[in-house]
Amino acid sequence: MAEQVKQPKEDKEAQAVASQNGRNGKNGKEDKKADKLYRLRHSLAHIMAQAVLELYPEAKIAIGPPIDTGFYYDFDLGVDEEGKPRTFKPEDLEKIEKRMREIIAQRLPFEYREVTAEEARELFKDQPYKLELIEGLEKGEVDEYGNETQEKPVISTYRQGPFEDLCRGPHVEHTGQIPPDAFKLLSVAGAYWRGDENRPMLQRIYGTAWANKKELKNYLHMLEEAKKRDHRKLGRELEIFIFDEEVGPGLPLWLPNGGILIEELEKLAKEVEERAGYDRVRTPHVTKEALFLRSGHLPYYAESMFPPMEMEGVRYYIKPMNCPFHHKIYGSKVRSYRELPVRLAEYGTCYRYEKSGELFGLMRVRSMQMNDAHIYCTEDQFEEEFLGVVELYNYYFKLFGIDKYVMRLSTHHPKGLGKKYVDNPRLWQKTEEMVRRAMDHGNVPYVEVPDEAAFYGPKIDVQIWSAIGKEFTLATNQVDFAVPERFDLTYVDKDGKEKTPLCIHRAPLSTHERMIGFLIEHYAGNFPVWLAPEQVRIIPITDAHHEYALQLEKRLRDAHVRVKADLGSERMNAKIRSAQLMKVPYMLVVGDREKEEGTVSLRRRDGKRRNAMPVEEFVALVTERIATRSPEL
RNA sequence: GCCGACGUAGCUCAAUCGGCAGAGCAGCUGUCUUGUAAACAGCAGGUUAUCGGUUCGAGUCCGAUCGUCGGCUCCA
C-alpha cells in the first residue's frame with residue numbers, strides 16, 4: 001500500500017497498470033507522480049488546507065493526497081461550545097472554494113525543503129496529526145500519508161505563502177499554474193484518522209480537479225450519465241427488485257423480472273458446472289453453533305453474523321457461508337484419492353449482518369444467494385483445479401462481455417499470523433506460491449496485494465467497478481489449507497495413509513445480488529436476449545389485430561420465448577414507447593399487412609427495423625439468440 | 001456502527017416568512033381504431049417516513065426513532 005491511506009481504487013488501478021507493464025509497481029507509481037494532473041491535484045489539496053486554516057484557524061490538518069479524479073484533505077475542527085465535534089456544512093464548501101481561488105490568484109510559489117525530524121516537530125508543534133506522521137517518518141516505517149513504505153525516510157515540506165505542509169511532492173511551480181475554473185469541491189464526509197474506526201473521525205472534503213474547465217465539465221457530465229445506469233435506479237424502473245422498509249434494509253425483494261434473471265443465471269451455472277464435473281448439493285439455512293465454532297467463523301466472524309437464536313437450550317445461527325455444510329458432506333463417507341477432486345456446488349442463500357452504513361443497493365446486501373462450490377483435491381491436483389476455476393471466470397466474462405476488471409491475488413502478512421490469519425507460515429508461503437505458479441502457467445495477468453487474504457488461505461478476487469465508481473469483488477477463488485483439517489477431512493491415498501485435502505472455495509458468478517446489480521449497470525439495462533426478462537413485445541395496431549397478436553404470442557410461448565401481447569387501448573406509438581422504456585429487445589408491430597401475409601414487422605430495441613418478416617423466420621432468429629446466449633440483437 | 005445530507009401520491013417533483021397539500025407520469029372509466037418513442041376527457045389516489053414537542057396554527061421549527069443517499073470502516 002502506498003500513495004494514500006486506504007484508497008484502494010487508486011492504488012490497485014495503479015498496480016494493475018504496473019502489472020501490465022511487467023509487474024513493476026515502482027515505475028507505474030513514479031510515472032504517475034510526474035503526471036501533471038497529479039501535481040495539480042496534490043497542489044490543490046495544499047491550497048484547500050491553507051484556505052481552511054485561514055477560515056478556521058483552530059483546525060488541525062491531517063492528510064491530503066491526490067486521488068484519481070481529484071483530491072481530498074482531512075481536518076479536525078475541534079469541538080463546539082457543547083463539546084460536540086465541529087463539522088463542515090455543505091455551504092461552507094463555497095466559502096472555502098472562494099478562498100482557494102483567491103490563493104490561486106496570488107501565484108504563490110511552492111517551495112521545497114528538507115528538514116530534520118527536530119525541525120519538523122518544531123514546525124508542526126501545533127499539529128498533533130502531523131507530529132504522529134513525523135514520528136512514523138523518523139522510524140522509517142511510513143510515508144507522509146501514514147502508509148507503510150520501504151523507502152528511506154527523508155522528511156521534507158512544501159510551502160506556499162503562509163502554509164507549509166509535510167510533503168514529498170511534487171507540486172506545480174506556483175499556484176498560478178492551477179486553472180481556477182477546473183476544480184470543484186464536491187462533498188464533506190467523515191473519515192477515521194488513519195482509517196481506524198477506533199480513532200477520531202475527521203472531516204474530509206473531497207474535490208475534483210482537471211486540466212481545464214472543459215475536462216471538469218466532461219467529468220461532471222459523466223457522473224450524471226453514470227447515475228442513469230445506476231442499478232438502484234434501473235432496478236426500480238425495469239421492475240427487477242425493490243427494498244421495503246418493513247422487510248428490512250439489505251433484504252431485496254426480487255420482482256418477477258428479477259426472478260427471471262436469477263433463473264437464467266442458475267440455468268447457466270448448472271449447465272457449466274455439470275460440464276465441469278461438479279455435483280449439486282443442498283444445505284439448510286440454519287445450524288447449531290457448534291458447526292461455526294468448528295469452522296472457525298465463531299467468534300472470528302461473529303460480527304458479520306445475525307445473532308443466534310436459542311431453542312431448547314441450543315444456540316442456532318443462520319448461515320453466513322455454505323462451506324461448513326459442504327465440508328460435512330465431504331466428510332460423510334470415507335474418500336479415496338481415486339474420487340478426488342470432489343466438487344460440491346450449491347446456489348446457497350446466506351445471511352450476513354453488514355453494518356447499516358455499508359449497505360449499497362444490490363451490491364452489498366444482508367441476504368445473498370451465492371454461486372458457491374467447494375473443490376476438495378490433492379496438492380498434485382491443485383494447479384489444474386485452480387486454473388479450471390479461472391477458466392470458468394474467463395468463460396463467463398467473455399459471455400457477458402466483461403472486460404474491465406482486475407484479478408487480484410490477496411496474500412497474507414506475517415504480522416497477522418495467529419490473529420487475522422491461521423498461524424502456519426509454511427503453508428501460507430507454499431499455497432501462495434502454488435497460486436502464483438498456477439496463474440503464471442495459465443498466463444493469467446494479476447495484481448498482488450499483501451494482507452488481504454482470507455483467514456484460511458490466499459485468494460484470487462476479481463475486482464470490478466460499479467457505475468458510480470465504487471469497487472467491488474465480483475468473483476472469488478480461494479485456497480483453504482486450514483479448515484479441512486479442522487473438520488478432520490481426509491482421503492485415503494495410494495499408500496493407504498489418510499491425508500488432508502486442500503479445499504478451493506469459488507464463486508465465479510458471485511452472488512445473484514451483486515452479479516445482477518453489476519449486470520444491470522454493465523448492460524445499462526439492455527440485457528442480451530437470453531437474459532432479458534421480456535424478450536418480445538407484440539404490438540397490434542388496432543384491436544382488429546388482437547387475435548393475430550394472440551396467435552403470435554402463443555406461437556412464441558410454445559417456443560419458450562418470454563413474450564407479451566400488448567392489448568391495451570393506447571395508440572401504437574405509445575405502446576412502442578413503453579416497450580422501449582422497458583428495454584424489450586424485440587417489438588413486433590402487427591397490422592392488416594402482417595395479418596394478411598403471416599408476417600411481423602420487427603422493431604429492435606436499438607431502433608433498427610425489418611418489415612414483412614415471416615413469422616417462422618422471426619421464431620428461428622429469437623430462439624437461436626436464446627439458445628446460443630448470443631450478445632447480438 | 002461513525003460523520004454529513006435527505007425523506008411530500010405507485011414514480012418524478014412543486015408548495016414564498018409557519019397560514020386551505022399540488023402537478024406530470026403511472027392506475028381506473030369513457031371516447032377515438034390508430035403504421036414504428038407519449039391521442040383526448042373524466043375519476044380516483046395523502047395520517048407529508050414514524051413518534052413526541054413548540055405554536056392559535058407545523059410538510060415547513062425542535063427532539064427521538066426508522067429508512068435512503070455521499071463518504072469512513074468493512075466486504076461476495
Side-chain angles (χ1 to χ4, degrees), chain A residues 5-8 72 74 84-85 87-90 92 186-206 227 230 232-233 236-237 239 242-246 248-250 301 303-304 320-321 350 352-365 368-372 452 454 459 461-462 464 468 470-476 478 505-515 517-518 539-546 569-581 587-594 601-605 607-609 611:
Chain A
V5 172
K6 294 281 177 193
Q7 191 65 29
Y72 68 80
D74 287 346
K84 288 200 296 190
T87 58
F88 288 117
K89 298 277 174 279
D92 297 334
L186 293 179
S187 59
V188 203
Y192 300 108
W193 169 233
R194 303 189 92 159
D196 184 341
E197 60 181 321
N198 299 311
R199 309 205 61 182
M201 175 157 278
L202 308 172
Q203 292 286 305
R204 174 173 300 177
I205 300 179
Y206 278 99
K227 278 186 198 155
D230 189 317
R232 292 166 297 183
K233 180 175 157 67
R236 174 173 276 291
E237 288 172 359
E239 297 182 14
I242 52 162
F243 288 97
D244 184 280
E245 266 198 41
E246 215 164 350
Y301 199 74
E303 201 179 274
S304 299
M321 296 181 175
C350 297
R352 297 183 186 173
Y353 197 86
E354 305 292 350
K355 293 183 200 164
S356 55
E358 293 164 348
L359 301 172
F360 180 77
L362 278 185
M363 302 298 270
R364 193 75 184 281
V365 291
M368 69 210 83
Q369 304 162 67
M370 302 175 70
N371 174 228
D372 212 356
E452 291 281 327
K459 59 179 180 173
D461 288 328
V462 182
I464 50 101
I468 58 167
K470 259 173 141 63
E471 180 180 352
F472 289 94
T473 297
L474 190 67
T476 185
Q478 314 182 343
H505 305 239
R506 42 113 280 180
L509 282 181
S510 193
T511 61
H512 282 321
E513 288 71 18
R514 189 167 288 180
M515 190 71 197
F518 174 77
I539 298 172
I541 292 177
T542 77
D543 43 17
H545 313 114
H546 282 188
S569 62
E570 295 82 18
R571 279 160 163 63
M572 177 200 62
N573 278 324
K575 290 180 184 180
I576 288 172
R577 181 177 141 85
S578 92
Q580 287 285 159
L581 289 175
M587 284 151 268
L588 302 181
V589 177
V590 295
D592 288 339
R593 283 206 294 279
E594 290 76 14
S601 172
L602 171 64
R603 178 196 165 99
R604 304 195 321 198
R605 176 172 64 198
K608 296 232 173 69
R609 284 165 53 184
N611 292 336

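We name chains A, B, ... by the order of the sequence lines, and we start the count at 1 in each one. This one's a predicted model, so the numbers in the text were calculated from it and none came from an experiment.
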Salt bridge flag under 4.0 Å for residues Arg232(A) and Asp230(A): yes
Whole-Å gap separating C1' (rC75(B)) and CG (Asp461(A)): 10 Å
Comparing Leu202(A) and Asp543(A) on RNA chain B - which has the more 5′ nearest nucleotide: Leu202(A)
Strand RNA chain B in bracket notation, Watson-Crick/G-U under 3.5 Å with | for pairs to another chain: (((((((..((((.....[..)))).(((((.......))))).....(((((..]....))))))))))))....
N/O (side chain, Arg232(A)) to phosphate O (OP1/OP2, rG70(B)) under 4.0 Å: yes
Given rA38(B), rG4(B), rA76(B), the nucleotide with the shortest approach to the side chain of Ala574(A): rA38(B)
Polar side-chain atom of Glu354(A) near backbone of Ser304(A) as donor-acceptor pair, under 3.5 Å: no
Contact check, side chains of Lys575(A) and Pro540(A), non-hydrogen atoms, under 4.5 Å: yes
Nearest-neighbour nucleotide for the Arg204(A) side chain, rU73(B), rC72(B), rA76(B) considered: rC72(B)
d(CD, Glu197(A); P, rC75(B)) in whole Å: 10 Å
Steps toward side-chain contact (heavy atoms from CB on, under 4.5 Å) verdict (Met363(A), Ile464(A)): CA-CA 11 Å; Met363(A) 302 298 270; Ile464(A) 50 101; 4.1 Å; yes
Nearest to side-chain heavy atoms of Ser356(A), which nucleotide of rG1(B), rC2(B), rC74(B): rG1(B)
Thr473(A) side-chain N/O to rC75(B) phosphate OP1/OP2 under 4.0 Å: no
P atoms of rC62(B) and rG18(B), separation to the nearest Å: 11 Å
Between rU12(B) (P) and Glu237(A) (CD): distance, integer Å: 8 Å
Interatomic distance at P, rU8(B) relative to rG59(B), whole Å: 15 Å
rG71(B) base / Tyr192(A) side chain donor-acceptor hit below 3.5 Å: no
side-chain contact (heavy atoms from CB on, under 4.5 Å) evaluation trace for Met515(A) with Asn371(A): CA-CA 10 Å; Met515(A) 190 71 197; Asn371(A) 174 228; over 6 Å; no
Protein-nucleotide distance (Leu186(A), atom CG; rC3(B), atom C1'), rounded to Å: 17 Å
Residue pair Thr473(A), Arg514(A): steps toward the side-chain contact (heavy atoms from CB on, under 4.5 Å) verdict: CA-CA 9 Å; Thr473(A) 297; Arg514(A) 189 167 288 180; 4.1 Å; yes
Span that lies between the P atom of rG46(B) and that of rA23(B), in whole angstrom: 14 Å
Sugar-phosphate only, base, or nothing, as touched by Lys575(A) at under 4.0 Å among non-hydrogen atoms: nothing
Shortest side-chain distance from Thr542(A), nucleotide among rG70(B), rA76(B), rU33(B): rU33(B)
Polar atom pairs (N or O), protein with nucleotides 26-28 of chain B, under 3.5 Å:
none

Rounded interatomic separation in angstrom, taking CG from Asn198(A) and P from rC74(B): 10 Å
Residue pair Met368(A) / Arg352(A), side-chain heavy-atom distance below 4.5 Å: yes
Length of the CE-C1' vector between Met572(A) and rG35(B), whole Å: 4 Å
Working for side-chain contact (heavy atoms from CB on, under 4.5 Å), residues Leu588(A) and Leu602(A): CA-CA 5 Å; Leu588(A) 302 181; Leu602(A) 171 64; 3.7 Å; yes
Side chain proximity check, Tyr192(A) to Glu197(A), heavy atoms < 4.5 angstrom: yes
Which residue lies more 5' along RNA chain B, comparing Ser304(A) with Val590(A) via nearest heavy atoms: Val590(A)
Phe360(A) side chain near Ile468(A) side chain, heavy-atom distance below 4.5 Å: yes
Nucleotide nearest Met201(A) when distance is taken to its side chain, options rG1(B), rA39(B), rC3(B): rC3(B)
Minimum-distance nucleotide (side-chain atoms of Met368(A) versus rG1(B), rG71(B), rA76(B)): rA76(B)
side-chain N/O Arg603(A) vs rA37(B) OP1/OP2, d < 4.0 Å: yes
Integer angstrom distance from the P of rC51(B) to that of rU47(B): 11 Å
Which nucleotide in rG67(B), rC75(B), rC72(B) has an atom nearest any side-chain atom of Glu354(A): rC75(B)
Base rG35(B) to side chain Glu594(A), donor-acceptor N/O within 3.5 Å cut-off: yes
Whole-Å C1' distance, rA9(B) and rG24(B): 12 Å
Closest non-hydrogen atom pair between Ile576(A) and Met587(A), with its separation: O-SD, 4.0 Å
Base of rC32(B) paired with side chain of Arg571(A) (donor-acceptor, under 3.5 Å): yes
Sugar-phosphate, base or nothing in reach of Ala189(A), heavy atoms under 4.0 Å: base
Chi class for rC17(B): syn within 90° of 0, otherwise anti: syn
side-chain N/O Lys233(A) vs rU12(B) OP1/OP2, d < 4.0 Å: no
With 3.5 Å as the limit, what N/O pairs link the protein to nucleotides 43-52 of chain B?
none

Length of the line joining Arg194(A):CZ and rU73(B):P, which is rounded to integer Å: 13 Å
Side-chain N or O of Tyr206(A) closer than 4.0 Å to phosphate OP1/OP2 of rC72(B): yes
Where Ala189(A) and Tyr206(A) come nearest, the two heavy atoms and their spacing: CB-CE1, 4.3 Å
Any side-chain heavy-atom pair of Met370(A) and Met321(A) under 4.5 Å: no
Minimum heavy-atom distance between Gln478(A) and Ala454(A), given as atom pair plus value: OE1-CB, 4.2 Å
Same-atom distance (C1') from rA26(B) to rA44(B), integer angstrom: 13 Å
Arg236(A) (side chain) and rC11(B) (base): donor-acceptor pair under 3.5 Å: no
Separation of rA5(B) C1' from Ile205(A) CD1 (nearest whole Å): 15 Å
Sidechain-backbone polar pair: Glu513(A) side chain, Gln369(A) backbone, donor-acceptor under 3.5 Å: yes
Presence of Lys470(A) side-chain N/O under 4.0 Å of rG71(B) phosphate oxygens OP1/OP2: yes
Distance between P atoms of rA58(B) and rA49(B) (Å, rounded): 15 Å
rU68(B) to rU60(B) separation - P atoms, rounded to the nearest Å: 22 Å
